[in-house]
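Below: the structure, in structure tokens.
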Amino acid sequence: MTAAAARVEIAPSVLASDFLHLGDAVRAAETGGADRLHLDVMDGRFVPNISFGSPIVEAIRRHTGMFLEAHLMVVAPEDQVTTFAEAGADLITVHAEVSPHLYRTLQHIHDHGKRAGVAINPATHWHAVEEVLDLADLVLVMTVSPGFGGQEFIGQMLPKIERVRAEIDRRGLDTDIEVDGGINQETVRRVVGAGARVLVAGTSVYGASGGVDEAIRRLRETGSAGLAT
Ligand code: DX5
Ligand code: ZN
């Protein structure tokens with residue numbers, strides 16, 4: 001089965017939640033039917049912001065059975081793979097821009113029995129992941145410049161998503177395509193139409209006036225409608 005035939009998955013990013021009540025945010029995603037939880041790790045070097053590290057991932061792991069994905073926005077991510085694997089992440093995503101030995105790093109993640117993802121910034125050509133498509137379980141196409149939640153979706157990323165989707169389908173792979181940044185009711189249908197299947201959403205889930213459950217349900221509904229188009 002190719003990923004193109006798969007359903008859409010919603011991955012709330014706790015970055016947009018109230019960190020003083022992180023446990024509530026995790027539970028809300030779980031009871032709201034999220035498919036996975038997106039954990040944004042920022043080091044203040046690869047991106048300007050510092051968010052949280054492996055102790056928080058470990059704490060979340062102790063309290064949920066949800067699939068946890070660690071999006072490592074850090075320099076030298078290869079040095080962090082073991083730490084985040086031991087903290088309990090199920091998927092570890094590293095950025096191509098800071099991974100000169102990307103092939104080996106993805107293998108290293110697999111050696112830990114984890115799923116391996118590779119992310120590319122808006123300014124990075126999709127060719128940066130072309131040679132590792134067969135090895136990666138997931139390609140994360142950033143739809144904002146990483147570092148902060150609540151930014152505006154960059155529409156020029158849609159052709160990039162389409163190109164990655166075309167190549168994955170051409171090779172008959174089941175590599176997931178994830179998008180991250182500015183995903184909401186307006187943009188979700190466009191990214192799914194372009195070929196994305198895993199949708200990260202921070203502000204549009206945790207900042208939703210109708211609550212987390214409702215936001216996840218609506219994103220999934222609108223995204224799934226985009227599958228048919
Ligand atoms: C941005 C992070 C995102 C962020 C998305 O650097 O990688 O995961 O939480 O936030 P929204 O959905 O608010 O754009
Ligand atoms: Zn992220």
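Whatever order the structure lists ligands and atoms in, that order sets their numbers, starting from 1. On a predicted model such as this, the values are computed, not experimentally measured, just so you know. Throughout, numbering of the chain's residues begins at 1 and tracks the sequence.
Linking Ile, Leu, Val, Met, Phe, Trp and Tyr residues whenever their side-chain heavy atoms come within less than 4.5 Å places Leu39 and Leu199 in a single cluster. Hydrophobic clustering (side-chain heavy atoms under 4.5 Å, transitive across Ile, Leu, Val, Met, Phe, Trp, Tyr) keeps Val141 apart from Phe148. Clustering ILVMFWY residues whenever any of their side-chain heavy atoms sit less than 4.5 angstrom apart, transitively, puts Val191 in the very cluster that holds Ile120.
For ligand 1, the atoms closer than 4.0 angstrom to any heavy atom of Val200 are 8 (O). Under a 4.0 Å criterion applied to the non-hydrogen atoms of His71, ligand 1 contributes the atoms 7 (O). Atoms of ligand 1 lying under 4.0 Å from any heavy atom of His38, numbered from 1 in the order shown and given with element: 8 (O). Near Gly181, the atoms of ligand 1 lying under 4.0 angstrom from a non-hydrogen atom of the residue are 14 (O). Residue contact check: Met73 has heavy atoms under 4.0 Å from atoms 6 (O), 7 (O) of ligand 1. Distances below 4.0 Å separate heavy atoms of Met42 from the following atoms of ligand 1: 6 (O).
At least one N/O-N/O distance between Gly182 and ligand 1 falls below 3.5 Å. For ligand 1, none of its N or O atoms has an N or O atom of Leu15 under 3.5 Å away. On a distance-only criterion, Ser204 and ligand 1 share no N/O pair closer than 3.5 Å. Residue Ser145 places no N or O, backbone or side chain, under 3.5 Å from any N or O of ligand 1. Residue Pro146 places no N or O, backbone or side chain, under 3.5 Å from any N or O of ligand 1.
From the protein, the heavy atom lying nearest to atom 11 (P) of ligand 1 is Gly150 N, 3.7 Å. For atom 6 (O) of ligand 1, the closest non-hydrogen atom of the protein is Gly147 N, 2.7 Å. Given atom 1 (C) of ligand 1, the protein heavy atom at minimum distance is Phe148 O, 3.5 Å. For atom 12 (O) of ligand 1, the closest non-hydrogen atom on the protein side is Gly202 N, 2.8 Å. Scanning the protein heavy atoms around atom 2 (C) of ligand 1, the nearest turns out to be Asp40 OD1, 3.4 Å. For atom 3 (C) of ligand 1, the closest non-hydrogen atom on the protein side is Asp180 OD1, 2.9 Å.
Around atom CZ of Arg61, more than 12 heavy atoms belonging to other residues, nucleotides or ligands sit under 6.0 Å away. Other residues, nucleotides and ligands contribute only 12 or fewer heavy atoms inside 6.0 Å of the CZ atom of Arg45.
Taken from CD in Gln107 to NE2 in His101, the straight-line distance is 12.5 Å, to the nearest 0.5 Å. Atom CD of Glu86 and atom OG of Ser54 lie 9.5 Å apart (nearest 0.5 Å). Going from atom CD of Glu58 over to atom CZ of Phe84 covers 10.5 Å, rounded to the nearest 0.5 Å.
Judged by distance alone, with hydrogens and angles left aside, the side-chain atoms of Ser17 form no donor-acceptor pair with the main-chain N or O of Ala25 at under 3.5 Å.
Salt-bridge formation is detected for the pair Glu221/Arg217: a Lys NZ or Arg NE/NH1/NH2 atom is positioned less than 4.0 Å from an Asp or Glu carboxylate oxygen. For Arg104 and Glu78, the salt-bridge test fails: no basic side-chain N is under 4.0 Å from an acidic carboxylate O. Using a 4.0 Å cut-off between charged side-chain N and carboxylate O, Arg36 and Asp90 make no salt bridge. Remark: Glu167 engages Arg170 in a salt bridge, criterion side-chain N to carboxylate O under 4.0 Å.
The closest approach between a heavy atom of Ala16 and any atom of ligand 1 is not below 4.0 Å.
Between the choices Gly149, Ala119, Ser13, the shortest heavy-atom distance to atom 10 (O) of ligand 1 belongs to Gly149.
Only one option out of Gln185, Arg189, Glu186 pairs with Thr222 in a side-chain hydrogen bond (donor to acceptor under 3.5 Å, both in side chains); it is Gln185. When the options Val139, Thr143, Val192 are evaluated for a side chain to side chain contact (heavy atoms under 4.5 Å, CB included) with Val179, the one that passes is Thr143.
Relative orientation of the Phe46 and His95 rings is tilted, given thresholds of 30° and 60° on the angle between their planes.
Counting only protein N, O or S atoms, the number found under 2.8 Å from the Zn ion (ligand 2) is 4.
Counting heavy atoms closer than 4.0 Å to ligand 1, residue Thr203 contributes atoms from both its backbone and its side chain. At a 4.0 Å heavy-atom cut-off, ligand 1 touches Ala201 through the backbone alone.
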